[in-house]
Amino acid sequence: MITRSEYEAARQRAAEAIRRAGVVIRREEEAAIAVADFGLGRLDAEGAQILTLVDTDRISAKVIVLFGGQALPEHWHPPVGDDPGKEETLRAIRGPVYVYVPGEPTAAPDAAPSGKGRHYTARHRIVLGAGEQVTVAPGVAHWLRAGPDGAILYSFSTTARDILDRFTDPDVRRETIVVDDGPDEGTFTEE
Ligand code: ZN
């Protein structure tokens with residue numbers, strides 16, 4: 001879980017980063033940026049800020065903001081009924097962003113967030129600079145991490161069913177729980 005003020009700060013920081021990158025979004029879209037901590041409660045290390053531009057029964061497009069060093073945990077998009085699962089193209093607007101997929105491991109021992117290596121099993125690194133992209137096939141595990149200055153990318157895909165995504169880390173919860181803090185923040189205790 002994260003606090004309301006953490007959520008709001010991350011949302012505003014993401015909106016600013018998008019604006020600075022020259023991507024035009026409307027005010028109401030800024031307000032709709034979702035902050036995901038994946039239930040892990042350590043947003044700076046593992047999390048993502050996501051603006052859904054379109055999401056229909058057939059296609060989806062999102063802008064994903066990762067702060068410096070932030071990792072989007074390893075996951076894959078499983079088949080649903082007759083659909084083989086989400087096929088996703090990741091295109092960097094601002095890099096570098098490191099995309100990890102299965103394959104020949106890249107020598108980068110500190111690639112995953114500290115202490116979490118076992119939940120980040122894909123070790124072949126693809127480096128995306130601005131304007132570069134990669135397409136991830138349905139069912140293929142992948143995870144992302146921003147370089148030290150943060151990253152912004154597009155995710156273009158077939159229909160997204162985020163809630164059905166599968167994560168390697170069993171502690172991941174796809175819904176972010178936000179707890180109120182407010183004026184008596186000092187006395188707030190986490191349950
Ligand atoms: Zn994905």
Side-chain angles (χ1 to χ4, degrees), residues 1-27 29-53 61-75 88-101 106 108-117 119-120 122 125-134 136 142-157 160 162 165 167-169 171-179 181 185 190:
M1 63 171 68
I2 57 175
T3 64
R4 175 65 54 193
S5 54
E6 269 183 292
Y7 190 100
E8 200 41 42
R11 194 188 60 70
Q12 283 177 21
R13 192 175 159 198
E16 238 161 70
I18 291 171
R19 219 179 299 135
R20 262 205 320 274
V23 176
V24 178
I25 62 171
R26 303 188 308 278
R27 282 283 163 194
E29 290 177 316
E30 286 188 14
I33 294 171
V35 177
D37 78 337
F38 299 95
L40 301 172
R42 52 202 297 260
L43 186 65
D44 287 348
E46 295 177 282
Q49 295 62 231
I50 302 168
L51 172 63
T52 298
L53 299 175
K62 301 172 182 211
V63 176
I64 301 173
V65 178
L66 298 176
F67 300 142
Q70 201 178 30
L72 194 162
E74 181 172 279
H75 65 282
E88 183 174 28
T89 294
L90 300 164
R91 179 183 173 93
I93 298 166
R94 176 167 188 266
V97 55
Y98 307 113
V99 179
Y100 288 86
V101 293
T106 303
D110 57 350
S114 65
K116 297 299 287 283
H119 298 317
Y120 289 76
R125 180 168 72 189
I126 298 165
V127 182
L128 298 183
E132 295 180 316
Q133 64 186 42
V134 63
V136 180
H142 54 286
W143 58 279
L144 316 177
R145 193 166 194 193
D149 297 328
I152 305 177
L153 57 154
Y154 286 115
S155 163
F156 302 115
S157 73
D162 295 346
D165 288 349
F167 286 82
T168 307
D169 183 346
D171 292 335
V172 163
R173 300 289 175 270
R174 190 56 189 82
E175 277 162 307
T176 300
I177 295 173
V178 182
V179 295
D181 36 15
E185 188 172 0
E190 192 174 68

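When reading the values below, keep in mind they use all heavy atoms of this one structure, side chains included, and skip hydrogens, waters and symmetry mates.
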For [X] and [Y], work out which heavy atoms get closest and say how close.
X	Y	result
V172	F167	CG1-CG, 3.5 Å
A48	F38	N-CE1, 3.9 Å
I152	A17	CD1-O, 3.2 Å

Basic-acidic side-chain contact under 4.0 Å: E132, R91 |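 Not counted as a salt bridge, because no side-chain N and carboxylate O are separated by less than 4.0 Å.
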
What pairs with [X] under ring pair (Phe, Tyr, Trp, His ring centres under 6.0 Å), at least two apart in sequence or on another chain?
X	value
Y120	W143
H119	none
Y154	F156

Step by step, would you call V178 with T3 a side-chain contact (heavy atoms from CB on, under 4.5 Å)?
-> CA-CA 5 Å; V178 182; T3 64; over 6 Å; no

Tell me, which pairs form a side-chain hydrogen bond (donor to acceptor under 3.5 Å, both in side chains) where one or both residues lie in residues 30-41, sequence neighbours left out?
->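 Checked against side-chain hydrogen bond (donor to acceptor under 3.5 Å, both in side chains) - neighbours excluded - the pairs reaching residues 30-41 are R19-E30, R27-E30.
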
Those residues that, when tested against [X], pass side-chain hydrogen bond (donor to acceptor under 3.5 Å, both in side chains) (two or more places apart):
X	result
D149	none
S155	E88
E8	R11, Q12
Q49	Q70

Nearest-0.5 Å distance that lies between atom CG in L153 and atom CG in L66 =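 If I round to the nearest 0.5 Å, the distance is 6.0 Å.
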
Measuring only between side-chain heavy atoms, which start at C-beta, is [X] closer than 4.5 Å to [Y]?
X	Y	answer
V23	I93	yes
V63	I18	yes
D169	K116	yes
L72	I64	yes

Taking salt bridge (Lys or Arg N to Asp or Glu O under 4.0 Å) as the definition, give me every residue that meets it alongside [X], ordered by chain and number, with sequence neighbours left out.
X	value
E175	none
D162	K62, R174
R13	none

Is there a donor-acceptor pair under 3.5 Å between the side chain of T176 and the backbone N or O of V35?
->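 Confirmed, T176 side chain pairs with V35 backbone.
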
Geometric cation-pi criterion R145 and Y98, 6.0 Å radius, 45° cone =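 So R145 doesn't make the cation-pi contact.
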
What residues form a side chain to side chain contact (heavy atoms under 4.5 Å, CB included) with V101, not counting sequence neighbours?
->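 Residues passing side chain to side chain contact (heavy atoms under 4.5 Å, CB included) with V101: V99, H124, I126, H142.
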
